[in-house]
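Scroll down for the structure; my scribbles are underneath it.
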Amino acid sequence: DTYQFYLFENFWCPSIHFQAVNSFKKEFQAKDSDIVVASFPKSGTIWLKALTFAIVNRQRFSSLEDHPLLSSNPHELVPFFEFIFGADDIHGQILHLSNMAEPRIFGTHTPFPSLPESIKESNCKIVYICRNPFDNFVSAWNYFNKIKPTIVSELTLEEAFELYCNGVMEYGPWWSHMLGYWEESIAKPDKVLFLKYDDLKEDINFHVKSVAKFLGCPFTEEEENNGVVESIIKLCSFEKMKDLAVNKSGMYGRGGIEKKNFFRKGENGDWVNYFSPSMTEKLSKIVEEKLSGSGLSFKMCS
Ligand code: A3P
């Protein structure tokens, strides 16, 4: 049961998601009220899913004692298109989609150019998150080493690094993934909000407010004065989420991933504990080369 990639529409599509990515593209009908949480893998997807869910549903679930995020993993509350369309009962899933409460919130790792036309053409919104490639690589390497069987788990850090530098990782190359959403966020700032994990860690308060504003539900002054922003930040914090029983044990998805593997360290800068000087030099050069002229940069890479 090896984990392979197909080079499909210029990205590395995991073989286990191949059929789903195609069905998603062909069959998904977006609604204007839909919200898509898009990300490059291991960039804080679960964090942004939790934040988006909490922000959008803050009036429905105003009590923090029985909030759904305390009893469900964010991947369950905000399902990936790649899992919905990969389900055995795909028609049942599609039927279920039309009955979901609005606004519907979904996750995806699919690169922007390969999204269904209906997502691109409707007025639905996309919040995108990526992360500086140094921490992204370290997060991915740790993660893929824990969820076997994967192709990466059979590799040493150095071997995995070579692949990452060549853009080989699920849904990679990372630079194309980032730049696809980046360019769309510049062309259509009302359509795509481009976020970086690094920035969220630095100033989460600012970003929670900007996500709310972007999604058309800005916080009122009263909410701000009543600590609603702070309570969402706390509810979705790494410490809080990692400690919940629902995230500590049990499995997620068809691939059988232990939910605890979604929470590792949750910090910027852990890459220094893994990178040799030559790795640092090599990846710095690639970042510069791939992102130059795009306007996209990462503070720690400059
Ligand atoms: P690290 O491996 O650096 O710790 P994804 O959700 O895209 O798989 O990203 C996983 C990364 O986000 C992991 O990074 C994980 O620890 C971190 N993470 C998970 N939940 C988080 C949270 N609530 N706040 C901040 N980081 C979080």
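Counting convention: from 1, in listed order, for ligands and their atoms alike.
Taking the six-membered ring for Trp and the full ring otherwise, the centers of His17 and Phe8 sit at least 6.0 Å from each other. Residues Phe137 and Phe134 place their aromatic rings such that the two centres sit no closer than 6.0 Å. A ring-centre distance under 6.0 Å is found for Phe80 and His109. Here the two rings, on Tyr181 and Phe40, have centers that are 6.0 Å apart or farther.
Where the criterion is an N or O separation shorter than 3.5 Å, residue side chain and backbone included, Ser139 meets it with respect to ligand 1. For ligand 1, the polar-atom distance check finds an N/O of Lys42 within less than 3.5 Å of one of the ligand's N/O atoms. Checking only distances, Cys236 does come within under 3.5 Å of ligand 1, N or O to N or O. Checking only distances, Gly44 does come within under 3.5 Å of ligand 1, N or O to N or O. The shortest N/O to N/O separation between Pro41 and ligand 1 does not fall below 3.5 Å. Considering both main-chain and side-chain atoms, Arg131 comes within under 3.5 Å of ligand 1 through a nitrogen or oxygen pair. Among the atoms of Ile46, some N or O lies under 3.5 angstrom from an N or O of ligand 1.
Counting heavy atoms closer than 4.0 Å to ligand 1, residue Lys265 contributes atoms from both its backbone and its side chain. In Ser237, the part holding a heavy atom less than 4.0 Å from any atom of ligand 1 is the backbone. Residue-level proximity to ligand 1 for Lys49 is absent, since no heavy atom of it falls below 4.0 angstrom.
For the residue pair Lys209 and Asn205, a side-chain donor N or O sits within less than 3.5 Å of a side-chain acceptor on the partner.
For ligand 1, the atoms lying closer than 4.0 Å to a non-hydrogen atom of Phe263 are 16 (O), 19 (C), 20 (N).
Under the 3.5 Å distance criterion, the side-chain polar atoms of Asp32 are matched with a main-chain donor or acceptor of Asn123.
With salt bridges taken as basic N to acidic carboxylate O contacts below 4.0 Å, none links Glu230 and Lys234.
At a threshold of 4.5 Å between non-hydrogen side-chain atoms, the residues Val246 and Lys259 count as touching.
From the protein, the heavy atom lying nearest to atom 16 (O) of ligand 1 is Arg264 N, 2.9 Å.
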